[in-house]
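Heads up: the structure comes next, in structure tokens.
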2 protein chains.
Amino acid sequence: MVATSCFAEQLTRHVPLSDAEKTALTKLEENPRKIKRGAMIQRANEPITELFVLREGRVMSFVILPDGSRQILRVYFPGDFIGSASTIYSRAPESLVALSDAVVCPFDKHALRRLLEEHPRVAALLFLLSNAERVSMTDRLASLGRTSAKARVAAFLLDMFHRLRVTDDNIKDSFELKLTQEEIGDSIGLTSVHVNRMIRQMEQEGLISRSNGRITLLDVERLEDIGHYTNRHKDMDLDWLPAS
Amino acid sequence: MVATSCFAEQLTRHVPLSDAEKTALTKLEENPRKIKRGAMIQRANEPITELFVLREGRVMSFVILPDGSRQILRVYFPGDFIGSASTIYSRAPESLVALSDAVVCPFDKHALRRLLEEHPRVAALLFLLSNAERVSMTDRLASLGRTSAKARVAAFLLDMFHRLRVTDDNIKDSFELKLTQEEIGDSIGLTSVHVNRMIRQMEQEGLISRSNGRITLLDVERLEDIGHYTNRHKDMDLDWLPAS
DNA sequence: CGACGAATTGAGCGGCATCAATACTTGTGG
DNA sequence: CCACAAGTATTGATGCCGCTCAATTCGTCG
């Protein structure tokens with residue numbers, strides 16, 4: 001097999017794709033670009049016409065508020081479709097920075113247009129995945145709006161854990177977070193100091209353990225309880241989609 | 001003109017539609033259903049296969065956490081497309097309740113499938129609008145995660161204001177919120193008590209004024225500053241979409 | 001007029017922020 | 001391979017924003 005499309009691979013986890021569709025998706029990834037850890041891929045408020053497929057590494061999207069504080073909006077993993085905001089806005093609503101060395105595949109939004117025109121079923125699928133991301137956002141909204149610091153940390157860890165598991169079957173109960181405590185805090189609306197206290201507390205309570213950057217979830221059930229977490233990946237149902 | 005489609009009308013604000021497309025969209029609204037204020041349209045965790053177009057009134061989506069607290073996820077206005085989560089999940093991730101007497105047009109997700117198959121351009125458009133809603137969610141995420149109570153109230157009022165203005169040209173500087181202070185609080189992660197204090201304070205500072213349920217924004221510019229609000233409606237750009 | 005939900009106001013408290021100091025880790029150049 | 005620098009983690013002390021509890025007042029609808 002030649003250069004598989006990372007993105008097609010992601011999509012086929014949900015719905016089988018035709019060869020033509022796979023080929024079209026692979027075309028989006030014709031221009032891989034290596035990105036150094038910490039490098040900015042897109043800067044908020046600057047004009048944009050590009051979208052990305054993330055092939056390797058991790059990327060985050062965030063905004064900086066006028067007082068200098070940062071809200072991390074989402075952490076992206078390989079196979080994710082990044083920067084879909086540029087489909088509607090002429091200026092980037094959010095910044096994109098690589099959390100680790102990464103490989104992204106940029107493509108012009110006109111390439112997306114062609115894809116949508118020629119492969120309506122892919123268009124429908126993108127619509128659905130966009131909805132899934134929206135639901136994921138609402139979960140975080142409820143977490144930030146209505147739960148305690150400890151609950152947010154628990155929910156955040158579980159979210160990362162389950163999202164990583166979707167593409168990586170090796171993960172059993174531990175994973176590399178690759179985020180500083182400050183970054184965790186900026187994701188869930190806390191200071192790094194308080195994130196530290198919460199993590200430390202959860203460690204003492206035997207909920208998690210750490211070594212190097214690796215986090216092990218020792219009691220997923222109790223964590224889900226503390227974080228009011230619901231795993232949405234389970235009851236996805238895309239069978240009603242147009243057949244290929 | 002016969003029964004215009006509320007939804008088609010909303011879409012044409014962004015991109016011109018062909019007659020065939022309009023007709024197809026109108027079909028989604030063939031079964032209007034009247035809903036009483038406070039009535040539940042969809043209950044979280046129950047099986048769903050229906051989506052809705054909101055034709056009249058206001059509807060909110062929300063979740064209830066195990067401790068009984070509520071997070072309101074979004075307030076919907078006429079012309080909005082509701083319940084798109086049911087395109088991916090077999091069980092509703094969120095509840096839907098009418099905030100006022102309302103008219104919704106339910107349709108089966110298989111009707112949506114047919115629409116997506118037969119009108120790929122509409123599929124693309126739905127994808128884009130879903131992205132817009134996602135961006136709107138990220139704005140609220142930053143608001144909840146990183147701003148003060150006062151800032152959240154300001155941002156919330158501005159958001160309602162600008163969204164209402166999209167469809168109602170009569171609105172100049174005042175509007176009917178039709179939400180209790182408790183509901184505002186549940187939207188932005190505050191208690192009704194504190195929402196009251198903030199509103200009251202903003203009133204004293206001459207930022208807003210109230211009479212009955214009507215809110216008047218006296219100093220939009222300063223409100224935008226306080227709320228760190230950015231009006232996204234301005235720089236939408238959908239011109240690159242497939243031509244009809 | 002009575003009743004119930006919503007708004008308003010006060011008192012007191014607690015969770016998380018802020019500020020600050022110290023340890024640890026990692027990468028870099030000599 | 002060591003030494004330093006810079007970033008990250010950890011811990012303590014203190015303070016404030018927004019929550020909780022509670023008591024009126026206001027508004028609206030039957």
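- Every residue was checked against the ring-ring contact (aromatic ring centres under 6.0 Å, His included) condition with B/His228, not counting sequence neighbours, and none meets it.
- Taking the ring-ring contact (aromatic ring centres under 6.0 Å, His included) definition, one finds that A/Phe7 meets it with A/Phe81, sequence neighbours left out.
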Taking protein heavy atoms under 4.0 Å as touching, what does nucleotides 6-15 of chain D look like 5' to 3' if B marks base contact, S marks sugar-phosphate-only contact and - marks none? --SSSBBB--
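- Remark: B/Tyr229 engages B/His162 in a ring-ring contact (aromatic ring centres under 6.0 Å, His included) (not counting sequence neighbours).
- Residues meeting the side-chain contact (heavy atoms from CB on, under 4.5 Å) test with A/Val193, sequence neighbours left out: A/Thr191, A/Arg197.
- Residue contacts for A/Gly213: at a heavy-atom cut-off of 4.0 Å it reaches no nucleic acid atom on any strand shown.
- A side-chain N or O of B/Arg74 and one of B/Ser136 form a donor-acceptor pair less than 3.5 Å apart.
- Within the structure, ring-ring contact (aromatic ring centres under 6.0 Å, His included) pairs that include any residue of residues 172-216 of chain A comprise A/Phe161-A/Phe175 (at least two apart or interchain).
- Residues in residues 136-160 of chain A take part in no ring-ring contact (aromatic ring centres under 6.0 Å, His included) pair, two or more places apart or across chains.
- Every side-chain contact (heavy atoms from CB on, under 4.5 Å) that A/Ser143 has, sequence neighbours left out, goes to A/Thr147, A/Arg152, A/Ala155.
- Contacts of A/Asp235 classified as side-chain contact (heavy atoms from CB on, under 4.5 Å), with partners at least two apart in sequence or in another chain: B/Tyr89, B/Ser90, B/Arg91.
- A 4.0 Å heavy-atom criterion places the boundary nucleotides of DNA chain C facing chain B at C/dA6 to C/dA11, written 5' to 3'.
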Protein-nucleotides 24-30 of chain D N/O pairs under 3.5 Å:
none

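- Remark: side-chain polar atoms of A/Asp186 are not paired, donor with acceptor, to backbone N or O of A/Gln71 under 3.5 angstrom.
- Annotation: the terminal axes of the helix from C/dC1-D/dG30 to C/dG30-D/dC1 meet at 50°, where each axis is the rotation carrying the C1' atoms of four end pairs onto the next four (5 pairs per end, rounded to 10°).
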